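The figures here come from the full heavy-atom set of this structure, side chains too, leaving out hydrogens, waters and symmetry mates. Since this is a predicted model, take the numbers as computed values, not measurements.
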Amino acid sequence: MKKAGFFTRAWDLYYDGFRQMTLGKTLWLVILIKLFIMFFVLRLLFFPNFLSTHSEKGQEAEFVSSEITNR
């Protein structure tokens with residue numbers, strides 16, 4: 001019998017574990033949906049690209065430095 005490598009054994013462990021899950025699959029789906037909402041939807045709604053609307057292209061560094069030193 002040939003000894004399997006580390007990655008093969010790790011893959012078999014996770015594959016077998018996820019295949020036998022019942023409630024765990026639903027929980028992972030909930031986690032993935034929440035991460036999608038947090039990182040994509042909320043970013044689009046609450047964190048617009050401020051520099052692109054307040055500075056010219058290529059002048060972002062100057063805009064930031066002037067805003068920092070003026071306050």
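- Interatomic distance, Leu44 CG to Phe39 CZ, rounded to the nearest 0.5 Å: 13.5 Å.
- Atoms CG and OG1, on Leu13 and Thr8 in that order, are 12.5 Å from each other to the nearest 0.5 Å.
- Under a cut-off of 6.0 angstrom, the local environment of CZ in Arg9 is crowded, with over 12 non-hydrogen atoms contributed by other residues, nucleotides or ligands.
- Residues Leu27 and Met38 are members of separate hydrophobic clusters, defined by side-chain heavy-atom contacts under 4.5 angstrom among Ile, Leu, Val, Met, Phe, Trp and Tyr.
- To the nearest 0.5 Å, the span separating CZ on Phe63 from CD on Glu67 amounts to 4.0 Å.
- Listed here is the closest heavy atom pair of Lys25 and Arg19: NZ-O, 3.9 Å.
- If you chain together hydrophobic residues whose side chains sit under 4.5 Å apart, Phe46 and Leu51 never meet in one group.
- The shortest heavy-atom contact between Met21 and Trp28 is CE-NE1, 3.9 Å.
- Panel note: side chain Asp16, backbone Asp12; no donor-acceptor pair is recorded below 3.5 Å.
- Separating the CZ atom in Phe47 from the CG atom in Leu42 is a distance of 7.5 Å, to the nearest 0.5 Å.
- Distance CD1/Ile37 to CG/Leu32: 11.5 Å, rounded to 0.5 Å.
- Linking ILVMFWY side-chain heavy atoms closer than 4.5 Å, directly or via other members, places Phe18 and Ile31 in a single hydrophobic cluster.
- Linking Ile, Leu, Val, Met, Phe, Trp and Tyr residues whenever their side-chain heavy atoms come within less than 4.5 Å leaves Ile33 and Leu23 in two separate clusters.
- Here the side chain of Glu60 pairs a donor or acceptor atom with the backbone of Gly58 at under 3.5 angstrom.
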